[in-house]
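Take this structure, written in structure tokens, and hold onto it; I'll ask about it next.
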2 protein chains.
Amino acid sequence: MVKTQTRTLKTRAKLLESARNIVTSTGYEALRVEHVVQQAGVAKGTFFAHFKDKDALMEALIAPELHHFLDEIEQRPAPKDIESLTAALRPVMQFAVSERYIFDVILRHSGAAAKAEIGPIASVIFRMGEVLANWLAKAPFRKDISPALLADGIGAFLFQALALHFCALNNTQSIEDRMQVYLHAWLLPQV
Amino acid sequence: MVKTQTRTLKTRAKLLESARNIVTSTGYEALRVEHVVQQAGVAKGTFFAHFKDKDALMEALIAPELHHFLDEIEQRPAPKDIESLTAALRPVMQFAVSERYIFDVILRHSGAAAKAEIGPIASVIFRMGEVLANWLAKAPFRKDISPALLADGIGAFLFQALALHFCALNNTQSIEDRMQVYLHAWLLPQV
DNA sequence: TCCATTAATTGACCATGGTCAATTTCATGG
DNA sequence: CCATGAAATTGACCATGGTCAATTAATGGA
């Protein structure tokens, strides 16, 4: 019952390769669907037969990067302190901030995104919650709330820090500094 | 030196009135610039002479609503507990969630938005931080961090709760319930 | 090997936000 | 009251994402 897969897979691969080339040379923001299909040597309609819309392609490009960072985070031992936690999150933050468009896409499609359907980015954000929760269970932080809730909070503060990074009103301190402050207050309250 | 203001003001007012009518009858998402200018009886170019882009109009429509909620929050006495805080935030949450498009616009343009310029929504979010900070200085919550940081955190959790509301993966509990949990963990840690 | 059925592809076409050179309106000084 | 220059307005036009009926390619059965 599985028909005509080779052709389909090849086309999809061509589209993705073309898109990746364009992103590499001109960045995400400047990517045009028309350019992608030209490079891939297919018609425009074909693109939309493979990707629901342009954002779906963006998700297909960005989500794997995030998964890659999570893979690396999973390798690490549980963090001993706030610093090691910040260090672990650094690659994610740097990537998300490296181009404004990237953060926009992540924002649009993360749980922090108004999407009913669960796409690649929502999935990877969800996975981040799990990875962090597992990790936090073994970390020397506050124990009055569940690791899942701790992870949720880290996610919230992560988005806040990233968002403020792009906001002219608030960019006196670096993302990492800001994140450090948030994490201290969240993970190690001194009441 | 102030020339031809009446005409300009009138045109802008016509555009806003037209837009408000359309929003009232069909919602934000369905608003089309072409429809707005038709109703207002002006040319399309005029619209863009008054608003940088469609989102600028959206900001002009949505920011005042948020300011209105903040005005009401400012009236209230400082919250005695998490419940009264949640109650104060309720109108904002309900509005932000009443249409997905509204939340999208707020997300795009809040500090939680990748915008360099400070627009009406970024301003109102900033004001929310101030209002909450003033309020929290008098509230019976943790005192180990500044009111401004407390307010920042509330903002972060507010966006998180709103975002999860729209996310299929996570919508088992209501926004308010979720917010309650977040605020407890943030404002009254039990370490 | 040929036919029928289904899947994949095509590209002309549409929807909509946004631009800009040309035109009209207005305020003001002479 | 007219001329002049600045400000506001116009609408044809463009850019780009997205649609869909028609066409082509592939698959499996007889």
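Computed from a predicted model, the values in this text were never measured in an experiment. Below, chain A is the first sequence line, B the second, and so on; all start at residue 1.
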*Between P of D/dG18 and CZ of A/F47, the distance in whole Å*: 8 Å
*asked:* Counting only heavy atoms and a strict 4.0 angstrom limit, can you tell me which residues of residues 30-43 of chain A come near DNA chain C?
replied: A/V42, A/A43
*Rounded to whole angstrom units, what separation is found between the CZ atom of A/F48 and the P atom of D/dG17?*
7 Å
*Under 4.0 angstrom, heavy atoms only, what part of the nucleic acid is B/K54 near: base, sugar-phosphate, or nothing?*
sugar-phosphate
_Close side-chain approach of A/L16 and A/F51, heavy atoms under 4.5 Å_ = yes
*Is the ring centre of B/F157 less than 6.0 Å from the ring centre of A/W186?*
yes
*Under 4.0 Å between a side-chain N/O of A/H50 and OP1 or OP2 of C/dT9, yes or no?*
yes
*Write down the distance between NZ (A/K44) and P (D/dA15), rounded to a whole number of angstrom.*
12 Å
*What's the CZ-C1' distance between B/F51 and D/dT9, to the nearest Å?*
15 Å
*Rounded to the nearest Å, what distance is computed from the CG atom of residue B/D53 to the P atom of nucleotide C/dG18?*
5 Å
*Which atoms form the tightest heavy-atom contact between A/Q180 and A/T86, and what is the distance?*
OE1-OG1, 3.0 Å
*Do A/L162 and A/I175 have side chains that get closer than 4.5 Å, going by heavy atoms?*
yes
*According to a strict under-4.0 Å criterion, is A/T11 in side-chain N/O contact with OP1 or OP2 of C/dA8?*
no
*Over how many whole Å does the gap from B/Y101 atom OH to C/dT16 atom C1' extend?*
12 Å
_Distance in angstrom units between A/L9 CG and C/dT9 C1', rounded_ = 16 Å
_ring-ring contact (aromatic ring centres under 6.0 Å, His included) partners of residues 78-102 of chain B, not counting sequence neighbours, each pair once_ = B/F69-B/F95
*Give a yes/no answer on whether the side chain of B/T46 brings an N or O atom under 4.0 Å of OP1 or OP2 in D/dA8.*
no
*Among D/dG17, C/dT9, D/dA7, which nucleotide sits nearest the side chain of A/R7?*
C/dT9
*Rounded to the nearest Å, what distance is computed from the NZ atom of residue B/K10 to the P atom of nucleotide D/dA8?*
15 Å
*asked:* Can you confirm whether more than 12 heavy atoms, excluding those of B/E34, are under 6.0 Å from its CD atom?
replied: no
*Have B/D81 and B/S84 got a donor and an acceptor in their side chains that come within less than 3.5 Å?*
yes
